[in-house]
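Values reported hereafter were calculated over all heavy atoms of this structure, with side chains retained and with hydrogens, waters and symmetry mates removed. The structure presented is a predicted model; accordingly, all values stated were derived computationally and were not measured.
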Amino acid sequence: MMKCLRIFLPALLLVSLATVLAESAPKDVCETKNGTSCEECLRNVTCLWCIKTKLCVTYPVRTILPPHSLCPLDDARWGLCWMNFQTLIITLSVVGGVLIIALLVCLFCCCKCENFGSKRFEAKMQKQAKKTKTKQEERRAEMNQRHQEIRQKYGLSGPNPYARFS
């Protein structure tokens with residue numbers, strides 16, 4: 001137990017120290033790129049370049065969009081130097097909207113086509129049932145006619161011989 005604790009405790013301290021360093025490191029990395037170029041700043045994905053102030057700052061992940069006080073959206077660059085953040089947001093929104101609409105249209109078409117197919121199948125089954133019923137009625141009529149012929153042949157066509165006598 002004590003041996004396990006000796007191994008586990010330093011490993012836990014090492015992981016927590018690495019986590020603390022990882023959280024503080026990107027802030028220092030981005031701010032050291034001030035005064036350089038946009039390409040140099042955006043080599044690190046956690047950095048945001050502001051053209052107006054020519055500053056490289058850590059992207060504020062707590063707020064989804066960078067605040068206007070940090071850098072206006074049309075002057076902010078993230079990921080690509082040639083595309084401003086506002087255009088990037090609009091482009092991604094339009095592409096996302098088109099994908100959602102395409103998905104909804106596909107779902108609608110699939111459901112409608114499925115219903116169309118089942119209606120065709122139902123019509124086919126009704127037609128087959130009608131045909132079977134017609135054949136059955138024809139056979140029943142033929143059988144009744146044969147029975148009638150047999151009754152006439154043996155003189156049983158009159159009143160029922162098994163009926164009660166009054």
Side-chain angles (χ1 to χ4, degrees), residues 1-140:
M1 175 86 171
M2 200 62 149
K3 188 175 183 180
C4 183
L5 192 60
R6 285 183 192 168
I7 295 172
F8 183 67
L9 192 59
L12 184 65
L13 288 173
L14 187 63
V15 168
S16 62
L17 181 65
T19 306
V20 168
L21 289 175
E23 288 177 359
S24 63
K27 289 183 180 180
D28 297 338
V29 170
C30 293
E31 273 67 26
T32 58
K33 306 279 183 169
N34 285 340
T36 62
S37 66
C38 176
E39 291 80 17
E40 185 70 29
C41 174
L42 295 184
R43 284 188 185 156
N44 188 346
V45 293
T46 61
C47 297
L48 176 77
W49 178 259
C50 187
I51 288 184
K52 196 175 200 177
T53 59
K54 296 193 187 308
L55 290 176
C56 186
V57 293
T58 304
Y59 187 86
V61 290
R62 295 190 195 277
T63 61
I64 296 172
L65 298 175
H68 191 74
S69 60
L70 182 66
C71 187
L73 284 180
D74 56 337
D75 290 332
R77 302 290 189 263
W78 180 73
L80 301 169
C81 290
W82 55 269
M83 182 182 288
N84 68 29
F85 203 74
Q86 191 172 13
T87 306
L88 182 68
I89 292 170
I90 292 170
T91 304
L92 291 177
S93 300
V94 168
V95 168
V98 167
L99 288 175
I100 289 171
I101 290 171
L103 179 71
L104 291 174
V105 167
C106 286
L107 285 174
F108 177 76
C109 287
C110 288
C111 292
K112 187 171 181 157
C113 290
E114 184 179 307
N115 287 340
F116 180 71
S118 66
K119 287 179 183 176
R120 266 193 354 210
F121 181 73
E122 283 179 28
K124 184 177 179 182
M125 292 302 289
Q126 285 177 349
K127 185 178 178 181
Q128 190 174 6
K130 191 176 180 180
K131 189 186 278 187
T132 306
K133 190 175 180 181
T134 306
K135 282 184 181 181
Q136 186 180 12
E137 287 173 357
E138 287 174 2
R139 278 192 235 124
R140 187 175 287 139

Once rounded to the nearest 0.5 Å, what's the spacing between atom [atom1] of [X] and atom [atom2] of [Y]?
| X | Y | atom1 | atom2 | value |
| --- | --- | --- | --- | --- |
| S37 | R43 | OG | CZ | 7.0 Å |
| I90 | L73 | CD1 | CG | 9.0 Å |
| H68 | D75 | NE2 | CG | 8.5 Å |
| K135 | K131 | NZ | NZ | 6.5 Å |
| T87 | L92 | OG1 | CG | 10.5 Å |
| K133 | Q126 | NZ | CD | 12.0 Å |

Could you tell me whether the side chain of T46 reaches within less than 4.5 Å of the side chain of V29, counting heavy atoms only?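 They are not in contact (no side-chain heavy atoms under 4.5 Å apart), so the answer is no.
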
Can you check whether K127 reaches K124 side chain to side chain, under 4.5 Å on heavy atoms?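 Not in contact.
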
Please state whether the rings of Y59 and W78 are parallel, tilted or perpendicular, taking 30° and 60° as the class boundaries.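 Tilted: the ring planes of Y59 and W78 meet at 30° to 60°.
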
Is it the case that the side chain of N84 and the backbone of R77 share a donor-acceptor pair, with hydrogens and angles ignored and the cut-off at 3.5 Å?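 No: the side chain of N84 does not pair with the backbone of R77.
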
L107, CG: over 12 other non-hydrogen atoms inside 6.0 angstrom: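 Yes.
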
Crowding at CD, Q128 (>12 non-hydrogen neighbours, <6.0 Å):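 Atom CD in Q128 is not crowded, with 12 or fewer foreign heavy atoms closer than 6.0 Å.
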
Taking salt bridge (Lys or Arg N to Asp or Glu O under 4.0 Å) as the definition, give me every residue that meets it alongside R139, ordered by chain and number, with sequence neighbours left out.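 By the salt bridge (Lys or Arg N to Asp or Glu O under 4.0 Å) rule, R139 matches no residue at all.
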
Mind listing the closest non-hydrogen atom pair of L48 and P66 along with its distance?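 Residues L48 and P66, closest heavy atoms: CD2-CB, 3.9 Å.
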
So which atom in F85 and which in L65 form the shortest heavy-atom distance, rounded to 0.1 Å?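 Shortest heavy-atom separation between F85 and L65 comes out as CE2-CD2, 3.7 Å.
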
If you measure SG to SG, does C47 sit under 2.5 Å from C30?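 Between C30 and C47 there is a disulfide, given that their SG atoms are under 2.5 Å apart.
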
How would you list all residue pairs meeting disulfide bond (SG atoms under 2.5 Å apart) that involve residues 66-101, not counting sequence neighbours?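 Listed by first then second residue: C38-C81, C50-C71.
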
For T91, side-chain hydrogen bond (donor to acceptor under 3.5 Å, both in side chains) partners two or more places apart: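 Testing T91 for side-chain hydrogen bond (donor to acceptor under 3.5 Å, both in side chains), a comparison that skips the adjacent residues, returns none.
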
